[in-house]
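Below you'll find the structure, written out as C-alpha cells, and then a few comments.
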Amino acid sequence: MSNIPYKIYLSEEEMPEYWYNVRADMKNKPAPLINPQTHKPCTAEELEQVFCKELVAQELNETDRKIPIPKEILDFYKMYRPAPLTRAYCLEKKLGTPAKIYYKFEGQNTSGSHKLNSAIAQAYYAKKQGLKGVTTETGAGQWGTAMSMACAYLDLECRVYQVRCSYEQKPQRREVIRTYGGTAIPSPSMETEVGRKINAEFPGCSGSLGCAISEAVEYAVTHEGYRYVLGSVLNQVLLHQSIIGLEAQAAMKKFGIEPDIIIGCAGGGSNLGGLISPFMGEKLRGEKDYRIIAVEPASCPSLTRGVYAYDYCDTGKVCPMQKMYTLGSQFMPSPNHAGGLRYHGMSSILSQLYHDGYMEARSVEQTEVFKAAEFFCRTEGTLPAPESSHAIKAAIDEALKCKETGEEKTILFGLTGTGYFDMKAYEAFNNGTMSDYIPTDEDIRKAVDLIPRFEGNDNF
Ligand SMILES: *Cc1c(COP(=O)(O)O)cnc(C)c1O
C-alpha cells in the first residue's frame with residue numbers, strides 16, 4: 001500500500017503561477033528567426049507586423065527564467081487545470097513490468113488537447129493589445145478549436161483557415177469552431193490573394209497547411225486590428241506549454257517521485273517542450289539527470305532523419321525562417337499517414353537541445369502506434385489521440401525493457417489528447433487498411449535539396 005493517490009491533482013496554492021523559460025538555462029541558445037529575404041535576424045518591429053507585441057517579446061526573451069502568468073489566464077486555466085498526473089497501474093499490471101508509469105493527461109477540455117494552454121495565452125495578449133481578432137490555420141482541427149474556445153472567452157474574432165479536405169472530412173471540428181463563434185474558412189479560399197491564385201492554378205484544390213498559413217498571415221497583415229497566431233513550433237508556444245511540465249514536476253515532488261525517463265510525442269515540439277522544460281532546466285543546471293525521449297512518426301521523421309539548418313517554417317515561405325531539424329518545407333508525408341505530427345520541422349529550442357545531446361529521438365511506424373493506442377484504451381480506459389499514442393508506444397517499449405532487466409524505473413509520458421475526433425484513422429486501423437510508409441532516403445534528399453543555401457546555411 002502506498003499513500004500516493006491514483007491521480008495526483010494540485011491545490012490552488014500548489015498551482016504554478018509562472019511559465020518557465022528554458023532558454024534562460026541553455027548555454028547554447030536557439031538560433032534567432034531570420035528574415036527569409038535578407039537572412040538577417042528578425043527585429044521585434046518586423047515580427048510585430050504579424051504577431052502580437054507581447055508575444056513577440058516572449059518569443060525573443062532568452063534571459064528571464066520565470067514569466068508570470070497573468071491572472072486572467074490563471075482564471076481560465078482553473079476551468080480545466082490542473083491536468084491530472086495518473087499512475088497507469090492497469091497498464092503496468094498488464095505488461096507485467098516492474099516500471100512505474102505515470103502520464104499527464106491534457107485531453108480534459110472540449111478542444112481535447114494541450115493546445116488550449118497556449119491558445120488562451122495568445123488570445124489574452126491579442127485582447128490586451130486592443131485587437132479585433134486573430135487569424136490562424138488548422139489542419140487536423142485541434143488548434144482551430146482551441147483558438148476559437150479561447151477567443152470566445154475573451155470576445156475576440158477568430159478566423160480559422162481550415163485545410164479544405166479537413167473542412168470537408170471533419171465537419172465535427174468545423175462545427176465546434178462555429179459553435180464557439182469562430183469562423184472556419186475552407187482553404188484555399190477566394191478571400192485572399194494567395195488563395196485566389198492557388199484556386200485559379202489548381203481548380204478544386206484540397207488545400208495544404210502551408211497554403212492555409214499563407215492565407216491566415218495575408219489576412220492578418222492586410223487588415224487593421226488583426227494578428228496571426230500559431231499553435232506550435234514557436235518559442236512562445238513552448239513557454240506557455242511549460243505549464244504541463246511545471247504541474248507534473250510539482251505533483252511528483254509532492255510525493256517524492258522522481259522520473260528516470262520522460263517521453264513525449266513530437267510534431268512541432270510544443271507539448272514535448274512544455275512537458276520537459278522544467279526537468280530539462282534541472283538537467284541543464286547540472287542538478288539532476290533524466291533520459292528524455294522525443295517520439296516522431298517514421299513517415300515524418302524530422303529529428304531522426306532531417307538536417308539541422310535554416311529552413312522555411314511554412315510551405316508558402318511567408319513566415320520567418322528558423323534553424324531547426326527539418327525534412328525541407330516542401331516535404332509532404334505520405335497521404336496514408338493518418339496519425340498526425342505531420343510538420344516538416346521542429347521547434348528551434350528542441351532542435352538545439354537535441355543537437356547538443358540533451359535528449360534522444362526515435363521514430364515509430366503508425367500501425368505500431370495504433371496497436372499501442374488500442375492496448376492503452378483497452379487497459380487504461382482512455383481513448384488516446386493518435387499523436388499521443390506515439391508516446392504511449394515508446395513508454396510501453398521502455399516498460400518492457402524494464403521487465404527484461406528487472407529495473408524499477410519511473411517513466412513519465414505526455415498523453416496530449418483524446419482520440420474522439422480521429423475515428424476515421426481508427427476505422428482504417430480496425431479495418432486493417434492502415435499501412436506504413438517510410439520515406440526513402442531519396443524522398444528526403446529531394447525535399448532537403450530544396451532548402452535554400454546561403455552563407456552560413458550550406459553545411460547540411
Ligand atoms: C497538435 C497535437 C500534437 C502535436 O503538436 P506538438 O506541437 O508537437 O505538441 C500532439 N498531440 C495532440 C493531441 C495534438 O493536438
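Indexing begins at 1, ligand by ligand and atom by atom, following the structure's order.
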- Item | Carboxylate-amine/guanidinium contact K128 E72, below 4.0 Å |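 Salt bridge between K128 and E72, a charged N being under 4.0 Å from a carboxylate O: no.
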- Any pair with a residue in residues 427-438 that passes salt bridge (charged side-chain N to carboxylate O under 4.0 Å, His left out), sequence neighbours left out, goes on the list, sorted by first then second residue, please. K424-E427
- Which residue pairs satisfy the salt bridge (charged side-chain N to carboxylate O under 4.0 Å, His left out) criterion with at least one member in residues 21-32, sequence neighbours excluded?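 Listed once each, the pairs are D25-R65, D25-R285.
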Counting only pairs under 3.5 Å, give me each side-chain donor-acceptor contact of residues 112-119, with atom names and distances, residues two or more places apart or in other chains.
residue : atom : partner : partner atom : Å
S113    : OG   : K115    : N            : 3.1
H114    : NE2  : S270    : OG           : 3.3
N117    : OD1  : Y80     : OH           : 2.7
N117    : OD1  : R81     : NH1          : 2.8
N117    : ND2  : E106    : OE1          : 3.3
N117    : ND2  : H114    : O            : 3.3
N117    : ND2  : Q241    : OE1          : 2.9
S118    : OG   : Q122    : NE2          : 3.0
S118    : OG   : H240    : ND1          : 2.9

- Do Y228 and E137 pass the side-chain hydrogen bond (donor to acceptor under 3.5 Å, both in side chains) test, and can you show the C-alpha distance, the side-chain angles, and the key distance before you say yes or no? CA-CA 9 Å; Y228 168 70; E137 77 292 336; 2.7 Å; yes
- Measure from NZ or CZ of K323 to the centre of the six-membered ring of Y308, then state whether that distance is under 6.0 Å and the direction lies within 45° of the axis. yes
- Item | Neighbouring residues of ligand 1, heavy-atom cut-off under 4.0 Å |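 Ligand 1 pocket, heavy atoms under 4.0 Å: S113, H114, K115, Q142, S232, C265, A266, G267, G268, G269, S270, N271, L341, A385, E387, T416, G417.
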